[in-house]
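Keep in mind that the numbers below use all heavy atoms, side chains included, and drop hydrogens, waters and symmetry copies.
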Amino acid sequence: MSSAYTIGHYVRTTLPRIGLEFILPSIPNISVFHSLFKSCSETKDSRWAFITFRRLLESNVKPSDLTFSLLIKAYVADASSSTVIDSPNTKIEANQIQTHLRKSGFNQYVYLTTAFLDFYGKLGCIYYAQHLFEEMPRRDVVSWNALICGYSRNGYDYDALEVFVQMLREGFPPCQRTLVGLVPSCGRPDIIFQGKAIHGFGIKSGLDLDCRVKNALTSMYAKCADLQAAEVLFEEIFEKTEVSWNTMIGAYGQNGLFDEAMLVFKQMQKERVEVNYVTIISLLSANAHLDSTHCYVIKTGFATDASVITSLVCSYAGCGNIESAGLLYNLMPQRNLVSLTAMISGYAEKGNMGLVVECFTQMLQLKMKPDAVAMVSILHGFTDPTFIGSGLGIHAYGLKTGLCADCLVVNGLISMYSKFGDIETVFSLFSEMGEKQLISWNSVISACIQVGRTSDAMELFCQMRMYGHSPDAITIASLLAGCSEVGFLQFGERLHNYVLRNNLDMEDFLETALVDMYIKCGRLESAERVFKSIKEPCLATWNTMISGYGLSGHEHRALSCYSEMQEQGLKPDRITFLGVLSACTHGGLVWEGKRYFRSMREDFGMIPGLQHNACMVDLLSRAGFLEEAVIFVKNMEVEPDSAIWGALLTSCCIHQELKLGECLAKRLLLLDYYSGGLYVLMSNLYASKGRWDDVARVRKMMKDTGGDGSSGISLIEVSSLEKMNNSLCLSDLSLNTNYWQLSSPH
DNA sequence: CTAGGGTTAG
């Protein structure tokens, strides 16, 4: 036996793939083959095991049950690498071997069929596994365990639970491994109740004393954000393994407690527990300091581990350092779907869609099969209608490959089409999708808001309530933006109440949306009250408040709000300055405006953009410094646009500067700017000087070039809208928004 | 048993 083993080892290490003929005795016996299979297990080479199996059949050697057992072991060993799992060949080979198993009658051995069942589960062929299980004339606890584990690891959580119950009913006593396979299926908030029942079962049966069961339970509670329970379980583990420590690092990391995760890691090192590759991955996903962790990886020799490098690529791409991510990715000996997806989402985030498409092509060339997550990452990058072509292409690919059946992909498509402004496609995708998750409702509601279909959004909101979904911070923030748009104060207030009643997480964007809603609905005091209640307002919220003061005609309060913000240690951005400058314009604060405009460049190193310049032109010219405004425009580094000429023209009307006005109007026409507004302004300008002939001439020009360009529309909230308000508490009502659309006559 | 890529808002 030992000589046969040596032969096998020799073949694998010294004479790879030169053919077995040189090694095998002329009449090979079965133990030689068995030792060959064993060495295949060691080297995790299922391909070579398969070739050896063929040779065995050719040599007319009769396989025994042990032959199949060793063969499948080689496959299971190899399955730790993703390439084998993903390869379609593996499935075909496993099928072929199983056919021989059946033909030779060895499928009567429960342990052999169970081994195949287990392997199919690992390959993700859960229906094969199920089929095998159903066919088995006899089963043992291990067979049940394998089926439960197969369901669980492939996301069939309810099936796993059902099989467990069935197992108990048929009188098979669960063991530690049963729970280890089953518990991960309960790591979802919707079935944590069942998870707790299993936990109770574990305690009663004493099976929970097993370290692996406790690890699984710890992870289960962590996934449902019950950190207290996770901590208790972790403390209960008598002999903590590296898996226990990793689980706890992951538990804190997944729930945003990064400092705690780091403390667990330090404690782990103190107790001299060996760090493994999952430790590093968990640390990286817990926002550990990237550079130091990278150094640690190199020093500890984990730099050869594909999973660790993948994680590093993800972390670098995630924090926007796409260059470092790319360097690492290019150094990877074996690229994989996860790291390439991370690269794609990094490029998409940066808006570099050329490289995104290139990566996608590479994905197909490397024979990787893009999955739902990869699809979503790509779709995420198509942010404006210039990408309609590529977007449709990816949609088509999804339809062809069947990936569009996944609700993740549909969510991605919905948000893509809403960015394209194609609300009809959004509606049809949404109505055709089977399971509508909260996220899908949110996506379609925000799509409506973005294209200005506020009443549709509110109708959808009521439907969503009827389907039993509770709105979250994102739903509310989207709807608040809709309220701001149409000045729907009453509903905005109800949304605010909902937030307070349900203790929704007051995230930055929600606070900002609330402040903005109150400002746009003309309730400055309420906006202030919300703003003051925020512990640490973020920059966006400060910006909203500053420009809100300006909009409401409180320019001095806007400026003191700006100073206050800086006292809090926040640095203004371009949007802050838009608020500050427009506040100065509203109040005619010319001197202050000039000072802030200079400060933007001198104190903060920002180059004023077109909008900042337009603010300045507006400020100077409205205050009557028309000449200075014109000089300002001439000295601008950027080419003036219609907004700037328009601001000057408006001031010409205010100050009755006919000559300059005419000159500006010509410029605007040269810019191909044929808006009704231009004609109206000119007409008003002539009228102010009593030049009625010119007024008539301009009006005729306006008609000739296609009417008035855009008619004003006013929205007035008329009815009490009780139904809509009630839908925040009740859910039995459909909604009929009562708006009067009034076209303002000219 | 533990792990890495993604969606809604801004």
Side-chain angles (χ1 to χ4, degrees), chain A residues 82 149 152-153 176-177 179-184 187 210-220 222-223 237 241-251 253-254 276-286 305-315 317-318 325 336-346 348-349 370-381 406-416 418 437-447 449-450 472-481 507-513 516 538-541 543-544 575:
Chain A
S82 59
C149 192
S152 174
R153 71 162 74 219
Q176 288 92 331
R177 276 192 171 276
L179 297 194
V180 169
L182 176 64
V183 168
D210 185 276
C211 171
R212 286 167 306 172
V213 175
K214 278 230 162 67
N215 292 340
L217 285 166
T218 310
S219 164
M220 175 189 84
K223 291 224 162 70
I237 304 174
T241 62
E242 74 275 18
V243 177
S244 322
W245 290 94
N246 293 346
T247 307
M248 212 51 216
I249 293 173
Q254 285 152 18
N276 70 9
Y277 72 101
V278 180
T279 320
I280 313 255
I281 293 171
S282 307
L283 278 176
L284 282 169
S285 67
D305 187 291
S307 303
V308 170
I309 299 299
T310 301
S311 257
L312 278 169
V313 170
C314 296
S315 300
N336 58 42
L337 187 63
V338 175
S339 52
L340 192 47
T341 305
M343 290 302 297
I344 285 180
S345 81
E349 189 71 26
D371 62 359
V373 176
M375 286 284 285
V376 168
S377 318
I378 297 164
L379 292 173
H380 182 51
D406 194 310
C407 67
L408 288 183
V409 177
V410 183
N411 287 340
L413 285 169
I414 286 176
S415 69
M416 178 184 81
S418 80
Q437 306 167 319
L438 179 60
I439 231 176
S440 322
W441 287 95
N442 284 350
S443 304
V444 75
I445 286 173
S446 95
I449 303 281
Q450 277 166 35
D472 65 357
I474 290 169
T475 327
I476 304 290
S478 306
L479 289 166
L480 281 170
E507 290 176 69
D508 289 341
F509 64 85
L510 182 52
E511 292 163 349
T512 312
D516 188 57
C538 68
L539 186 61
T541 318
N543 287 348
T544 308
I575 295 169

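As judged by a 4.0 angstrom heavy-atom cut-off over every strand, A/Thr247 is placed among residues touching the sugar-phosphate backbone only. The residue A/Gln254 sits close only to the backbone: its heavy atoms come under 4.0 Å of sugar-phosphate atoms, none of a base. If you check every strand for non-hydrogen atoms under 4.0 Å, A/Gln450 touches sugar and phosphate atoms only. Nucleic acid contact for A/Thr341: base, since at least one base atom lies under 4.0 Å from a heavy atom of the residue. Residue A/Ser307 is classed as a base contact, given a heavy-atom separation below 4.0 Å to a base. Residue contacts shown for A/Asp210 are absent, as no nucleic acid heavy atom lies under 4.0 Å away.
Each of B/dT2, B/dT8, B/dA3 was ranked by its minimum atom distance to the side chain of A/Ser282; first place goes to B/dA3. The listed nucleotides are B/dC1, B/dG5, B/dT8; the one nearest the side chain of A/Ser345 is B/dG5. Here B/dC1 is the nucleotide among B/dC1, B/dG4, B/dT7 with the atom lying nearest to any side-chain atom of A/Pro184. Each of B/dT2, B/dT8, B/dG4 was ranked by its minimum atom distance to the side chain of A/Ser415; first place goes to B/dT8. Closest to the side chain of A/Ser478, out of B/dT7, B/dG4, B/dA9, is B/dA9. Of the candidates B/dT2, B/dG4, B/dT7, the closest approach to any side-chain atom of A/Thr310 belongs to B/dG4. Of all nucleotides listed (B/dG4, B/dT2, B/dT8), B/dT2 comes nearest to the side chain of A/Ser219. Distances were taken from every side-chain heavy atom of A/Phe509 (C-beta onward) to each of B/dA3, B/dA9, B/dC1; the shortest belongs to B/dA9. Closest to the A/Val376 side chain, of the nucleotides B/dT7, B/dT2, B/dG5, is B/dT7.
With a 6.0 Å radius and a threshold of 12 heavy atoms from other residues, nucleotides or ligands, A/Glu349 has its CD atom at or below the threshold. Annotation for A/Ile575: atom CD1 does not count as buried by contact number, only 12 or fewer foreign heavy atoms lying within 6.0 Å.
Within the 3.5 Å criterion, the main-chain N or O of A/Asn215 finds no donor-acceptor partner in the side chain of A/Ser219. Between the side chain of A/Asn411 and the backbone N or O of A/Ile414, no donor-acceptor pair lies under 3.5 Å.
Spacing between atom CD1 of A/Ile344 and atom P of B/dT7 amounts to 13 Å, rounded to whole angstrom units. Atom CG of A/Leu413 and atom C1' of B/dT8 are 14 Å apart (whole Å). Going from atom CD1 of A/Ile414 over to atom C1' of B/dA9 covers 16 Å, rounded to whole Å. Regarding A/Asn215, its CG atom lies at a distance of 14 Å from the C1' atom of B/dA3, rounded to whole Å. Per the geometry, CD belonging to A/Gln176 stands 14 Å off P belonging to B/dC1, to the nearest Å.
Taking side-chain N and O atoms only, A/His380 has no distance below 4.0 Å to OP1 or OP2 of B/dG5. The phosphate of B/dA9 (OP1 or OP2) has a side-chain N or O of A/Ser446 nearer than 4.0 angstrom. Contact annotation: A/Lys223 side-chain N/O to B/dA3 OP1/OP2 distance is under 4.0 Å.
With sequence neighbours excluded, the residues forming a side-chain hydrogen bond (donor to acceptor under 3.5 Å, both in side chains) with A/Ser152 are A/Ser185, listed by chain and number.
Between the base of B/dG5 and the side chain of A/Asp371 there is a donor-acceptor pair shorter than 3.5 Å.
Inspection of the A/Ser244 and A/Thr241 side chains reveals an N or O donor paired with an N or O acceptor under 3.5 Å.
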